[in-house]
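Here's the structure we're looking at; comments come further down.
Only heavy atoms go into these numbers, but all of them, side chains included; no hydrogens, no water, no symmetry mates. Every chain is numbered from 1, with letters handed out A, B, ... down the list of sequences.
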There are 2 protein chains.
Amino acid sequence: MATRAGRTQRRTEALSRERIIEVAVELLDSAGDGGLTFRALTERLATGPGAIYWHVANKGELLEAATDGVITAALAAEPAEQADSPRDRIRAIALGLFEAIDRHPWLAPQLAAQFSRKPWGPVTPRIFESIGRQVRELGVPKENWFTATSGLVHYILGAAGQNAANAASVRLLRTEDERAEFVEAVAKAWEELDPEEYPFTRAVADQAREHDDREQFLAGIDLVLAGITAVQGQ
Amino acid sequence: MATRAGRTQRRTEALSRERIIEVAVELLDSAGDGGLTFRALTERLATGPGAIYWHVANKGELLEAATDGVITAALAAEPAEQADSPRDRIRAIALGLFEAIDRHPWLAPQLAAQFSRKPWGPVTPRIFESIGRQVRELGVPKENWFTATSGLVHYILGAAGQNAANAASVRLLRTEDERAEFVEAVAKAWEELDPEEYPFTRAVADQAREHDDREQFLAGIDLVLAGITAVQGQ
DNA sequence: ACCTGAACACCGTTCAAGT
DNA sequence: ACCTGAACACCGTTCAAGT
């Protein structure tokens, strides 16, 4: 195994904040929300808990740093430059966030927490800025900037968060077959609801069965975008 | 203290699943997400952990039951009947959910989890049905029912979840003064961002300072509603 | 059928001690 | 300055034993 510096080292690759965060993300990705423990961390890094606490204040800070890292990467990878309308760029950014949350489902609750509990932290402004710039270029009048951007961001985080978790659901169901099975089970359950109490949900079970997560997500984005342009009467 | 049955009892009010869930909600409301522990539960109920496990399978089931109870109450209290357009009824239902999450901030992550991990459970269809019926009455064509309803529900849960947590933030800030302080701190932080990297967020800091959570939330609902009617070209 | 409470495995965090 | 690892307080859950 090659080391960073190029020379072969014994066992220790020298502990660092970055290395700890990297392993934290790996643990979260592979073992889900409960996979990040200090025991697992010390094992993978071949140290004691004290060493980790020297680089990181506590578990909360570690989660924040992991979240910030992944989100920054997702926003930086923006294929948004390629799209040539603000509308398409918003769709691209939204899809990038959707896919980041899909790949790292532990992000969803983490993002919600940081957005509400720590809006002064790095993550909130990063997402807000990214979407907001495109809203401005959409020609939305200034007094509606905040409302329009909040609306989009809330939808994105809400929808992505909701969808994300079935990706990693009970035991990470990653394959298409498993996803299909999951969707089928839900549609079946909805079809078996009491006709008196749940006429609408029953009527819509078939659409739930047929839907594709990504398409559905983008259709929602289009809905909010249509609303934004409709409200300004343009 | 009067007992349910009217007669004065010694110490034990007879343990029951309902009583356990009731106390669980109290603990979550007063002490936040981490407030629900089996130790606290056994203390308040004057029993041992084994007694609780007799009535409830585990902590997860307890959280599900608490969530279902509070949401069912919120949807039943619908002042939606009073409103006389489907549009106003959607606003009323949405606001009811917003306020339930505001009063019980622990609901937010719980709802997200149940929506994605357990869409066959009782909570998802209840919310979906409630909003969906009004979408149908809005005159939305059948093939758009699922998309329109999902869009609304995702926005509601996303926005309510995001807003909710500052209600109970670090140490439940319930008074208007504390809320105002929180909002002011965020606006200040946004104004101090790097002008090169965050021009939009800085420009919008003032709107963030002035905004009212409820108004903002409803403006977002209107955005999605406008989108729904715009998309069907009516 | 319902409840008791000691015990188990595991968690995040601390801290005196080493280098 | 950076790391070690035993120890602490706390957690969800189990289970033999009681009534």
Side-chain angles (χ1 to χ4, degrees), chain A residues 3-5 9-28 30-67 106 109-110 113-114 117-118 170-171, chain B residues 3-5 9-28 30-67 106 109-110 113-114 117-118 170-171:
Chain A
T3 43
R4 292 276 165 78
Q9 283 178 227
R10 294 289 151 100
R11 298 253 157 254
T12 48
E13 180 166 345
L15 206 51
S16 70
R17 194 179 148 89
E18 288 69 39
R19 179 75 190 123
I20 293 170
I21 294 166
E22 196 183 316
V23 173
V25 171
E26 285 171 23
L27 285 171
L28 287 162
S30 64
D33 226 351
L36 178 60
T37 69
F38 277 82
R39 321 278 159 171
L41 224 37
T42 55
E43 204 173 324
R44 284 270 267 259
L45 291 165
T47 41
I52 292 166
Y53 276 94
W54 205 86
H55 293 278
V56 146
N58 51 42
K59 193 177 179 180
E61 195 191 290
L62 187 50
L63 275 164
E64 279 172 36
T67 304
W106 49 272
Q110 221 49 47
Q114 294 209 35
R117 242 163 286 225
K118 296 201 134 195
V170 192
R171 293 273 156 225
Chain B
T3 43
R4 292 275 165 79
Q9 281 179 230
R10 291 290 150 99
R11 300 250 158 258
T12 49
E13 180 165 347
L15 206 51
S16 70
R17 194 179 148 89
E18 288 69 38
R19 179 76 190 124
I20 293 170
I21 294 167
E22 195 183 317
V23 172
V25 171
E26 285 171 22
L27 284 170
L28 286 163
S30 64
D33 226 351
L36 180 59
T37 68
F38 277 82
R39 320 279 160 173
L41 225 37
T42 54
E43 205 174 324
R44 283 270 268 259
L45 291 165
T47 40
I52 294 167
Y53 276 94
W54 173 258
H55 294 278
V56 148
N58 51 41
K59 192 177 180 179
E61 195 192 290
L62 188 50
L63 276 164
E64 279 172 36
T67 303
W106 50 271
Q110 220 49 46
Q114 296 209 32
R117 241 163 286 223
K118 296 200 132 195
V170 192
R171 293 272 158 227

Taking B:Arg44 first and then B:Glu22, would you say they form a salt bridge - that is, a charged N and a carboxylate O separated by under 4.0 Å?
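No, B:Arg44 and B:Glu22 are not salt-bridged.
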Salt bridge flag under 4.0 Å for residues B:Arg117 and B:Glu64
no
So which nucleotide from [options] ends up closest to the side chain of [X]?
X: B:Thr47; options: D:dA1, C:dC3, D:dC11; value: C:dC3
X: B:Tyr53; options: C:dT13, D:dT13, D:dC3; value: D:dT13
X: A:Thr37; options: C:dT13, C:dG12, D:dG12; value: C:dG12
X: A:Asn58; options: D:dG12, C:dC3, C:dT13; value: C:dT13
X: B:Pro49; options: C:dA6, C:dA1, D:dT4; value: C:dA6

By the Watson-Crick or G-U definition, both distances under 3.5 Å, C:dC10 is matched with none
Looking at C:dT4, which nucleotide sits across from it as a Watson-Crick or G-U wobble partner, both distances under 3.5 angstrom, or is there none?
D:dA16
Looking at A:Leu28, A:Val56, A:Thr67, A:Val25, which one forms a side chain to side chain contact (heavy atoms under 4.5 Å, CB included) with A:Leu62?
A:Val56
Phosphate contact (D:dC3 OP1 or OP2) by A:His55 side-chain N/O below 4.0 Å:
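So the side chain of A:His55 is within the cut-off, an N or O lying under 4.0 Å from OP1 or OP2 of D:dC3.
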Which whole number of Å gives the distance between the C1' atom of D:dC8 and that of C:dC11?
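Result for the C1' pair: 12 Å, nearest Å.
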Counting N and O atoms only, with roles assigned by atom type, does the side chain of A:Lys59 sit under 3.5 Å from a partner on the main chain of A:Phe38, one being a donor and the other an acceptor?
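Answer holds: no.
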Contact class for B:Leu36 vs. all strands (heavy atom < 4.0 Å): base, sugar-phosphate, or nothing?
sugar-phosphate
